[in-house]
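Notes to accompany the following structure.
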Amino acid sequence: MRGTGPPLLLINPWVYDFAAYDFFAKPLGLLYLAGLLTACGYEVHLIDCLRGPHARGGPFGTGRYPKETLPTPPSLQGIPRRYGRYGLSEAAFKAQLSRVPRPAAILVTSLMTYWYPGVAAAIGLARKHFPGVPVLLGGIYATLCPEHARRHCYPDLVVTGPGEVAIFSHLAALGLKPPITFIPTEFDSLPYPALHLLPHLSYIPILTSRGCPFDCSYCAAHLLQPRYQRRRPLGVVEELFYWQDCLNLEEVAFYDDALLCQPESHLLVILEELARRGRRFRFHTPNGLHTHLITRDVAGWLKRANFATLRLGVETTAPGPERLDRKLQEGELETALAHLHAAGFQKKEIGVYLLTGLPHQEETAVVNSIRRVKEMGATPILAQYSPIPGTALWLEAVKCSRYNLESDPLFHNNSLFPCWPRFSWTHYTQLKHLAGEG
Ligand code: B12
Ligand code: SF4
């Protein structure tokens, strides 16, 4: 939909990394802004550097991004992996820029802190193509490392935190007032994210809540979304119907940090209403679910509603005070898995994220967790720890890292295992084999 207001160009930049895969990864924050700005009458254009269709398709609409190998940054020399740019070729990006009318402002999003070279590259090229157009940078990297973003990506402005209210004052300061004034105060009052702007979308990314009531020491959720807010469950159902009708999609990926909180008044209401109205979707929870909230009732509903990719957020199976998460007590994983099995889920359908690479974590603890998860009839999946500035664990991470974490977000890359002093790829490959991933 074209607005009559000032034209804006929104950009989802490339990923620069050793590895990246579209495992239900879409720029939902930027799409929320696109939906809102469109509703306020701006003329919104989007360039998604990670747009599909992907070269090699995976299950349920996931897939591999095209990759162009690039020289490994000097500070990461010696890593036996190919560094590169994932997504559109530079030529394709430039071609897209030339198809867009000169915008009044460029809005760039950012995700992982260590992907900032992709942000800097996209901003550099966009600036060259549209000299003099102001560039606003927001998103996760911008929020977690605003100073670094200013110094290394050269936007005109770094915007931190949720963008829905802030964006209007920044655009107004540039003289770009919206034709329609609408300041959303609640999550429920937001227009839908502009999913239709993504070409070749193969699944619906959806948020039913923002933020998380827990506070695990390695996690940045409370820095990014300080307020825990849930949507009206029936509003979520309407959105799912809307996108299924518009885009003819069945796959749905939940992006919530805390999807299972108070399930009787939230997720179960959504699933019951979908069942009542006879619509079929297939659900995926690439972000881990809170294991201790999986009751018999919840497990039954997850099965009936057709959840195909289940991921449980578990740091370690070891009990004790040294746990860093604040969300799982002894015996709770066993109970949750028993409910999931009783509901009919198979071992291969239940992925248990085990966090590896934490400060002071012994490899033997990971080995034990892998074995324990397998014994319990689930599939261990290794999730590598990425140190994040501002989190409770950050200072400890800085102290014990092999890298100078404070000097460059490139060192936050989870593939480096920056906080394991004796990390070796051979050991890690053995762990992956043990987990059955290798
Ligand atoms: C959903 C999610 C995923 C999804 C998909 C992510 C994607 N889009 O690609 C999946 C499950 C695939 C995923 C995977 C991973 N994730 Co993740 N993920 C998230 C999560 C929970 C939500 C992100 C999101 O979509 N939020 C919803 C939208 C609405 O919010 P938003 O993007 O922040 O946008 C708002 C603002 O930032 C702002 N904004 C955004 N853009 C712009 C632009 C402008 C101009 C302005 C003004 C404002 C603005 O306004 C938006 C609306 O309010 C965050 C935690 C969190 N709570 O944010 C972690 C998080 C981003 N993930 C993280 C990590 C570590 C990972 C993994 C490495 C996990 C692992 N160990 O294996 C992997 C790696 C992914 C990969 N592809 O390689 C870390 C980041 C670490 C870092 N160093 O940066 C986070 C912060 C979680 C944490 N540990 O604290 N993730
Ligand atoms: S429960 Fe999950 S989202 Fe919430 S603080 Fe802990 S790790 Fe972060």
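All figures in this text were calculated on a predicted structure; none of them were measured in a lab. In listed order, ligands and their atoms are each counted from 1. Atoms considered below: every heavy atom in the structure, side chains included; atoms not considered: hydrogens, waters and symmetry mates.
Between Trp425 and Phe423, the ring planes are perpendicular. Angles over 60° get that label, and only those under 30° would be called parallel.
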Show me the side-chain donor-acceptor pairs of residues 113-125 shorter than 3.5 Å, one per line, residues at least two apart or across chains.
unit_1	atom_1	unit_2	atom_2	d
Thr113	OG1	His412	ND1	2.8
Trp115	NE1	Asp17	OD2	2.9
Tyr116	OH	Asp408	OD1	2.8
Tyr116	OH	Asp408	OD2	3.4

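The aromatic ring centroids of His427 and Phe417 lie 6.0 Å or more from each other. In this structure, Tyr203 has its ring center under 6.0 Å from that of Phe24.
Of all atoms in ligand 2, numbered sequentially from 1 with element shown, those under 4.0 Å from a heavy atom of Phe214 are 1 (S), 4 (Fe), 5 (S). The contact set between ligand 2 and His290, taken as ligand atoms under 4.0 Å from a residue heavy atom, comprises 1 (S).
Atom CD of Glu238 is surrounded by more than 12 heavy atoms from other residues, nucleotides or ligands within 6.0 Å.
Annotation: cation-pi geometry not satisfied between Arg102 and Phe130 (NZ/CZ under 6.0 angstrom from ring centroid, within 45° of ring axis).
A donor-acceptor contact shorter than 3.5 Å links the side chain of Tyr255 to the backbone of Lys26.
Among the atoms of Cys219, none of the N, O or S atoms falls under 2.8 Å from atom 4 (Fe) of ligand 2.
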Contact table ligand 1 N or O to protein N or O, d under 3.5 Å:
unit_1	atom_1	unit_2	atom_2	d
ligand 1	8 (N)	Lys26	O	2.7
ligand 1	39 (N)	Gly139	N	3.4
ligand 1	41 (N)	Thr109	OG1	2.6
ligand 1	50 (O)	Gly163	N	2.9
ligand 1	53 (O)	Gly163	N	3.4
ligand 1	53 (O)	Glu164	OE1	2.7
ligand 1	53 (O)	Glu164	OE2	3.2
ligand 1	53 (O)	Arg210	NH1	3.2
ligand 1	57 (N)	Asp257	OD2	2.6
ligand 1	71 (N)	Gln384	O	2.8
ligand 1	83 (N)	Thr113	OG1	2.9
ligand 1	83 (N)	Ser386	OG	2.9
ligand 1	84 (O)	Thr113	N	2.8
ligand 1	90 (O)	Ala220	N	2.7

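Using a 4.0 Å cut-off between a side-chain N of Lys or Arg and a carboxylate O of Asp or Glu, Glu164 and Arg210 qualify as a salt bridge.
Under 4.0 Å from ligand 2, the heavy atoms of Cys212 that appear belong solely to its side chain.
For the pair His222 and ligand 2, no heavy-atom separation below 4.0 Å is found.
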